[in-house]
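Each residue takes its place number in the sequence, starting with 1.
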Amino acid sequence: MTIGEMDYADIFFSTSLDPFSFIAHVLFLIFLFLMPIVLMNLLVGIAVGDIDKIRQNAEFERMEIEVLFTNQIEDNVPKWFQRKMYIAMETTFPNKIKKSKVMKVKRLLLRHDKNEEAIEAERKRNRDSEKLENMQREIDQISKRQTVMATMMEEQIGLIKKLCKTMKSGEDNNVSTDQDAT
């Protein structure tokens with residue numbers, strides 16, 4: 001495919017490639033297998049880059065068609081109907097729940113919101129109690145560690161006292177032997 005203009009016989013048999021014949025064959029085979037792969041990858045890369053541009057253009061065209069469609073509908077609707085349906089200003093509160101009469105009746109009949117609030121409060125209590133239990137376990141572990149450390153310190157204090165006594169008795173013996181020697 002990529003070597004259509006190159007004839008194997010013309011390249012390798014018409015000229016003498018005596019010192020480089022092996023290298024020429026290797027390069028020819030590399031070119032034969034590598035060039036179609038490289039060219040196909042380049043073509044795919046170009047096509048993918050074009051697809052992004054096509055998508056952007058399609059998005060703009062879609063918006064343009066929507067605007068034209070809306071304009072045509074407005075032109076075909078009678079003026080009295082347009083005036084009746086026109087809203088001069090509308091304020092939207094995204095966090096406010098709209099309470100229609102149907103929803104109020106539904107809430108009164110089902111008491112769904114109160115049940116959800118009770119369930120959520122129960123979940124919160126369960127989470128809080130789990131946190132408290134975890135804290136109590138950690139406090140118990142810390143108190144156990146403190147008691148172990150306190151007993152170890154008492155043992156070390158006792159050992160230090162014994163060491164001090166033995167050192168004092170060793171000094172007394174040295175002083176008495178020095179006095180006897182004089």
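Here E64 pairs with L68 under the side-chain contact (heavy atoms from CB on, under 4.5 Å) rule; sequence neighbours left out. The side-chain hydrogen bond (donor to acceptor under 3.5 Å, both in side chains) test applied to E59 returns R62, not counting sequence neighbours. Remark: L34 engages I30, V38 in a side-chain contact (heavy atoms from CB on, under 4.5 Å) (not counting sequence neighbours). Every residue two or more places apart in sequence or in another chain was checked for a salt bridge (charged side-chain N to carboxylate O under 4.0 Å, His left out) with R55, and none qualifies. Taking the side-chain contact (heavy atoms from CB on, under 4.5 Å) definition, one finds that L29 meets it with L32, F33, sequence neighbours left out. When the side-chain hydrogen bond (donor to acceptor under 3.5 Å, both in side chains) test is applied to E130, no partner is found at least two apart in sequence or on another chain.
Through direct or relayed side-chain contacts under 4.5 Å between Ile, Leu, Val, Met, Phe, Trp and Tyr, F60 connects to M63. Apart from M167 itself, the hydrophobic cluster it occupies contains L163, where clustering links Ile, Leu, Val, Met, Phe, Trp and Tyr at side-chain heavy-atom distances under 4.5 Å. Connectivity analysis of hydrophobic side chains (ILVMFWY, heavy atoms under 4.5 Å, direct or indirect) links I37 to nothing; its cluster partners are none.
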Residues 69-81, side-chain donor-acceptor partners within the protein, below 3.5 Å, at least two apart:
| residue | atom | partner | partner atom | Å |
| --- | --- | --- | --- | --- |
| T70 | OG1 | E66 | O | 2.8 |
| N76 | ND2 | Q72 | O | 3.2 |

Per-pair distances, 0.1 Å, donor-acceptor, side chain in residues 148-161, under 3.5 Å, sequence neighbours excluded:
| residue | atom | partner | partner atom | Å |
| --- | --- | --- | --- | --- |
| T151 | OG1 | T147 | O | 3.3 |
| T151 | OG1 | V148 | O | 2.7 |

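Summarising the geometry, atom CD belonging to E133 is positioned 11.5 Å from atom CG belonging to D128; distances are rounded to the nearest 0.5 Å. The line from CD of E61 to CD of Q56 is 12.5 Å long, rounded to the nearest 0.5 Å. Remark: K124 NZ to S129 OG distance equals 12.5 Å, nearest 0.5 Å.
Applying the side-chain hydrogen bond (donor to acceptor under 3.5 Å, both in side chains) test to every pair with at least one member in residues 137-146, sequence neighbours left out, gives these pairs: N134-R137, Q136-D140.
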